[in-house]
Visitor: 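Before I ask anything, here is the structure I am working with.
All values below come from the heavy atoms of this structure, side chains included, with hydrogens, waters and symmetry mates left out. The first residue in the sequence is number 1, and the count goes up from there. Nothing here was measured: the structure is a model prediction, and the numbers come from that model.
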Amino acid sequence: MAAESSEGEEDSGKLTGGNQLLLVDDDLREMGKKAAWSVSSYKSGNGVSSLRDNNLETYWQSDGAQPHLVNIQFQEKVKLQLVVLYVDFKLDESYTPSKISIRAGDGFHNLKEIKTVELVKPTGWVYISLSGTDPRETFVNTFMLQIAVLSNHLNGRDTHVRQIKVYGPRPNPFPHQPFQFTSREFITYSSVR
């Protein structure tokens, strides 16, 4: 099950704390392998590959003016439900993001902001759900996702993000079914014996 930050989520869109262990619902799968990743800038040795190497000791470090951007482009439209970032205020201090915007669209020309999150001294995995306010909006259907770091703690200029993972619902295990259920409970009761 996807766990929220260990200290909880406040109503105002601010996330505090973070989990040291990555806990994700079995109904979700990591979609980052299907994407082309790029960043707006990076310091030598701390590029986009550091975001995807599954090593919490490495990090992407931006090198330029804000906002700092991570672009995740897919060849086909995908359903995305969750973005998970590993950030560490204790290690990175002023390099730690404090405000993040998540945008989705068909490409750079029509990105729309779908979520803005404020992070308060996060240490660990931070879970950002892409679900809308409407309960029927459980995922975002998109070709491109952009994560923009709008500001850092202590007014830092460059940013450190140690890992980013994007998750979407698992495909329907019953392909000839008229409905595509995304929860295990619905799938269990979806066929007649």
Visitor: Pairs under 3.5 angstrom only: tabulate donor-acceptor contacts from the side chains of residues 41-51 to other protein residues two or more places apart or in another chain.
Guide:
{"from": "Ser41", "atom 1": "OG", "to": "Asp63", "atom 2": "N", "distance (Å)": "2.9"}
{"from": "Ser41", "atom 1": "OG", "to": "Asp63", "atom 2": "O", "distance (Å)": "3.3"}
{"from": "Asn46", "atom 1": "ND2", "to": "Tyr59", "atom 2": "O", "distance (Å)": "3.1"}

Visitor: To the nearest 0.5 Å, what is the distance between NZ (Lys79) and CE (Met31)?
Guide: 10.0 Å
Visitor: Write down the atom of Asp92, the atom of Arg162, and the distance for their closest heavy-atom approach.
Guide: OD1-NH2, 2.8 Å
Visitor: Is the closest side-chain heavy-atom distance between Lys121 and His153 below 4.5 Å?
Guide: yes
Visitor: For Lys34, does the NZ atom sit with more than 12 other heavy atoms under 6.0 Å from it, leaving out its own atoms?
Guide: no
Visitor: I'd like to know whether CG of Asn155 has more than 12 heavy-atom contacts from other residues, nucleotides or ligands below 6.0 angstrom.
Guide: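 No, because the 6.0 Å sphere around CG of Asn155 holds 12 heavy atoms or fewer from other groups.
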Visitor: Closest heavy-atom contact between His160 and Pro97?
Guide: O-CD, 3.5 Å
Visitor: Side chain to side chain contact (heavy atoms under 4.5 Å, CB included) between Leu85 and Leu119: does it pass, once the steps are laid out?
Guide: CA-CA 11 Å; Leu85 301 117; Leu119 305 175; 5.6 Å; no
Visitor: Show your working on side chain to side chain contact (heavy atoms under 4.5 Å, CB included) between Arg29 and Val24 and close with a plain yes or no.
Guide: CA-CA 9 Å; Arg29 65 178 173 155; Val24 178; over 6 Å; no
Visitor: Show every donor-acceptor pair shorter than 3.5 Å between a side-chain atom in residues 139-150 and any protein atom, with sequence neighbours excluded, or say none if there are none.
Guide:
{"from": "Thr142", "atom 1": "OG1", "to": "Gly105", "atom 2": "N", "distance (Å)": "3.1"}
{"from": "Thr142", "atom 1": "OG1", "to": "Gly105", "atom 2": "O", "distance (Å)": "2.8"}
{"from": "Thr142", "atom 1": "OG1", "to": "Met144", "atom 2": "N", "distance (Å)": "3.1"}
{"from": "Thr142", "atom 1": "OG1", "to": "Met144", "atom 2": "O", "distance (Å)": "2.8"}
{"from": "Gln146", "atom 1": "OE1", "to": "Arg103", "atom 2": "NH1", "distance (Å)": "3.0"}
{"from": "Gln146", "atom 1": "NE2", "to": "Asn71", "atom 2": "OD1", "distance (Å)": "2.7"}

Visitor: Indicate yes or no for a side-chain donor-acceptor contact from Ser62 to the backbone of Thr159 under 3.5 Å, with no hydrogens or angles considered.
Guide: yes
Visitor: Any donor and acceptor pair, going by atom type alone, linking the side chain of Gln73 with main-chain N or O of Phe108 inside 3.5 Å?
Guide: no
Visitor: Given the rule that I, L, V, M, F, W and Y join up when any side-chain heavy atoms are under 4.5 Å apart, are Trp37 and Trp60 in one cluster?
Guide: yes
Visitor: In Å and rounded to the nearest 0.5 Å, what is the CD1 to CH2 distance from Ile164 to Trp125?
Guide: 9.5 Å
Visitor: Leu111 and Leu69: same hydrophobic cluster, using ILVMFWY side-chain contacts below 4.5 Å?
Guide: no
Visitor: Side chains of Asn152 and Ser94: does their closest heavy-atom pair fall under 4.5 Å?
Guide: no
Visitor: Roughly how far, to the nearest 0.5 Å, is the CD atom of Gln81 from the CG atom of Asp27?
Guide: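 Reported value, rounded in 0.5 Å steps: 8.5 Å.
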Visitor: I need the minimum non-hydrogen distance between Glu118 and Lys99, along with the two atoms involved.
Guide: CG-CG, 4.2 Å
Visitor: Linking I/L/V/M/F/W/Y whenever any side-chain heavy atoms sit under 4.5 Å apart, do Tyr86 and Tyr167 land together?
Guide: yes
Visitor: To the nearest 0.5 angstrom, please state how far the CG atom of Leu82 sits from the CG atom of Leu28.
Guide: 6.0 Å
Visitor: Find out if a path of hydrophobic residues (ILVMFWY) with successive side-chain heavy-atom gaps under 4.5 Å connects Ile72 to Val78.
Guide: yes
Visitor: Looking at Phe89 and Thr96, what are the two nearest heavy atoms and their distance?
Guide: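 Taking Phe89 first and Thr96 second, the nearest heavy atoms are CA-OG1, 3.3 Å.
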Visitor: Is it the case that Ser98 and Ser151 place a side-chain donor and acceptor less than 3.5 Å from each other?
Guide: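 On atom types as modelled, these side chains qualify, holding a pair under 3.5 Å.
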Visitor: Taking it one step at a time, do Leu22 and Tyr127 satisfy side chain to side chain contact (heavy atoms under 4.5 Å, CB included)?
Guide: CA-CA 9 Å; Leu22 178 61; Tyr127 298 80; 3.7 Å; yes
Visitor: Looking at Val83, Thr138, Val166, which hits side-chain contact (heavy atoms from CB on, under 4.5 Å) with Leu130?
Guide: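 Of the listed residues Val83, Thr138, Val166, the side-chain contact (heavy atoms from CB on, under 4.5 Å) partner of Leu130 is Val83.
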Visitor: Could you please spell out the steps behind the side chain to side chain contact (heavy atoms under 4.5 Å, CB included) verdict for His68 and Val39?
Guide: CA-CA 8 Å; His68 306 299; Val39 292; over 6 Å; no
Visitor: Under the side-chain contact (heavy atoms from CB on, under 4.5 Å) rule, collect the residues that match up with Asn54, sequence neighbours excluded.
Guide: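 Once residues adjacent in sequence are excluded, the partners of Asn54 under the side-chain contact (heavy atoms from CB on, under 4.5 Å) criterion are Gln163, Lys165.
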